[in-house]
Colleague: 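Would you mind keeping the following structure in view while I ask a few things?
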Amino acid sequence: MDRFNHPPGRMTRRSLLGATGVAGLALMTARSWAQSLYNLGLPGKLSVRPLTTAFPQKGEMVLQRTRPPLLETPMEVFNVGTITPNDRFFVRWHWAAVPEAVDEAAFRLKVRGHVDKEIELTLDQILHDFERIEYQAINQCSGNSRGLFQPSVAGGEWGNGAMGNALWTGIRLKDVLDRAGVKSGAVDVRMGGLDEALMPDAPKFLKSLAVDHARDGEVMIAFAMNKEQLPLLNGFPLRLVVPGWYSTYWVKMLTDIEVLDHPDDQFWMAKAYQIPKTPFGNIAPGTKDFPKEPINRMVPRSFVTNLKDGQLVKPAAPLAISGIAMGGDAGVAKVELSIDDGKSWSAASLGADGGKYAFRRFAGSIATPVSGTMTILARCTNNNGIAQPPAMIWNPGGYMQCGIERTRITVGGGV
Ligand SMILES: Nc1nc2c(c(=O)[nH]1)N[C@H]1C(S)=C(S)[C@@H](COP(=O)(O)O)O[C@H]1N2
Ligand SMILES: [Mo]
């Protein structure tokens, strides 16, 4: 499987079998999954989920749903570093018909539609015929933190763990489009994967990017994640990486690219994943009629990761606070901490810069009182000058949560 990381060379028969073997593990029939429980801290609702290790190529994950798999990353993982390990990286599929294995030799990436010539690329060609690019980028579900929406909204009730940062390696979508030759008049580029809807009338999962975005030279067809081939559940063998954009566009098991001479008006672009056309997609709960647009660029967020909400800490002592921040579609400019509900802020120090689309660590310290409780706020501002909004946002889809997080601590004796 290392060929996904190796300099160009020949594929070997052995690596084919090796990769397919891993992918072929019983995927959807995982039964004995409930081991211990994890509390996501969702307000006013069932907040506990089983932890599972039953999914192939995955370590301990929070089980949101078995089929199709929805696996959440436990928050502790984000306290370890800025790269999310592949075996702890969250998983989300819309439809249950996800292949349990991919035949690498038979696999083709097709480019068709409004192009000079339709092409079909083998994995070998993808791995060897194009210039490689590599960068860190955060993959975050549009519905990350939906379980924290108040009032609650319909949809998967994620805590904050439907996100992860990886080092992605692949080729430019632009270069692949150029090989087919995009005709003038192209409008959207639509991507499809190997997964299928179960019901014949259910819409296959397809997402589109505007042609200029698709050809910006940054959007990547990735074949490696943290220097290894993609885990099957994260889209083996190829996935789209759209840095700075929500992961609904990051089509997994990418096999079909269709250049359209008209705007993509199918379900997943025109009906699903719509946000209010307001700052941070925020509207007052209950608002019915509002202008909408497809979800797009990410916005800044930050999370204290070294303390749990409700944690007991030492009285009258310095308390270290650290966590991770993301800038969204621009780098992290600063992270600030507040212990007076946002009346005053002090700058945290920032860790190594992994690029504008990556997680960045922050650290600071406060003095705890002699007794009582304290609420710690963290606020990220990105290089476009956009800061997290002061309160949790709301919209009916449960998308784009980015409000300032609050971590309550209790100062206790005997700690
Ligand atoms: N083929 C395919 N790609 C897909 C999806 C899907 O259902 N099918 N879901 C999207 C959504 S909504 C998310 S959040 C991300 C999840 O990526 P991950 O499972 O690698 O974390 O995949 C995206 N790409
Ligand atoms: Mo998502």
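Order of appearance sets the numbers: ligands from 1, and atoms from 1 within every ligand.
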Colleague: May I ask which of G193, S247, A272, G192 has a heavy atom nearer to atom 15 (C) of ligand 1 than the others do?
Modeller: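 Looking at heavy atoms only, the winner is S247.
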Colleague: For W93, take its heavy atoms, then give the atoms of ligand 1 lying under 4.0 Å from any of them.
Modeller: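 Per the distance check, 1 (N), 2 (C), 6 (C), 7 (O), 8 (N).
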Colleague: Please indicate whether any nitrogen or oxygen in T248 is less than 3.5 Å from any nitrogen or oxygen in ligand 1.
Modeller: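 Between T248 and ligand 1 (N or O atoms, distance only) the closest approach is not under 3.5 Å.
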Colleague: For Q140 and ligand 1, answer yes if some heavy atom of the residue is under 4.0 Å from a ligand atom, otherwise no.
Modeller: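 Heavy atoms of Q140 never come under 4.0 Å of ligand 1.
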Colleague: Salt bridge or not between D175 and R172? Use side-chain N to carboxylate O under 4.0 Å.
Modeller: yes
Colleague: Determine whether a donor-acceptor pair (N or O, by modelled atom type, separation under 3.5 Å) exists between the side chain of R361 and the backbone of D353.
Modeller: no
Colleague: Within the distance-only criterion (no hydrogens, no angle test), does the side chain of Y135 pair as donor or acceptor with the backbone N or O of E218 below 3.5 angstrom?
Modeller: yes
Colleague: Please state whether Y273 comes within less than 4.0 angstrom of ligand 1, counting heavy atoms only.
Modeller: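 Right, Y273 reaches ligand 1.
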Colleague: Please compare W268, F89, F205, Y249 and report which has the shortest non-hydrogen distance to atom 6 (C) of ligand 1.
Modeller: F205
Colleague: So, 4.0 Å and heavy atoms of M253: is ligand 1 close enough to count as a contact?
Modeller: no
Colleague: Considering non-hydrogen atoms of the protein only, which is the closest contact for atom 24 (N) of ligand 1, and what is the distance?
Modeller: W250 O, 3.1 Å
Colleague: ring-ring contact (aromatic ring centres under 6.0 Å, His included): which pairs involve residues 322-365, sequence neighbours left out?
Modeller: F78-F359
Colleague: Please determine if R239 has a nitrogen or oxygen closer than 3.5 Å to a nitrogen or oxygen of ligand 1.
Modeller: yes
Colleague: Give yes if a backbone or side-chain nitrogen or oxygen of D195 is under 3.5 Å from a nitrogen or oxygen of ligand 1, and no if not.
Modeller: yes
Colleague: Identify every side-chain donor-acceptor pair in residues 205-213 under 3.5 Å, counting partners at least two apart or on other chains, and give the distances.
Modeller:
unit_1, atom_1, unit_2, atom_2, d
K207, NZ, T248, OG1, 3.3
K207, NZ, W268, O, 2.9
S208, OG, D264, OD2, 2.6

Colleague: Is a donor on one side and an acceptor on the other found under 3.5 Å between the side chain of W168 and the backbone of A224?
Modeller: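 Between the backbone of A224 and the side chain of W168 there is no qualifying donor-acceptor contact (under 3.5 Å).
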Colleague: I need the nearest protein heavy-atom contact for atom 21 (O) of ligand 1: residue, atom name and distance, please.
Modeller: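 Going atom by atom, the protein heavy atom closest to atom 21 (O) of ligand 1 ends up being F90 O, 2.6 Å.
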Colleague: Considering only heavy atoms of C141, which atoms of ligand 1 have at least one such atom less than 4.0 Å away?
Modeller: 14 (S)
Colleague: Tell me if a side-chain donor or acceptor on N39 pairs with a main-chain N or O of L37 at a distance below 3.5 Å.
Modeller: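 Absent.
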Colleague: Does any N/O atom on K252 come nearer than 3.5 Å to any N/O atom on ligand 1?
Modeller: yes
Colleague: Just how far is it from atom CE of M374 to atom CD1 of I339, taken to the nearest 0.5 Å?
Modeller: 3.5 Å
Colleague: For ligand 1, which atoms sit closer than 4.0 Å to a heavy atom of N139?
Modeller: 17 (O), 18 (P), 20 (O), 21 (O)
Colleague: Any N/O of N234 closer than 3.5 Å to an N/O of ligand 1?
Modeller: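 Such a contact does occur with ligand 1.
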Colleague: Would you call K110 and I257 a side-chain contact if the rule is heavy atoms closer than 4.5 Å?
Modeller: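 K110 does not reach I257 side chain to side chain.
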Colleague: Would you check if the side chain of S247 reaches a backbone N or O of Q140 as a donor-acceptor pair within less than 3.5 Å?
Modeller: yes
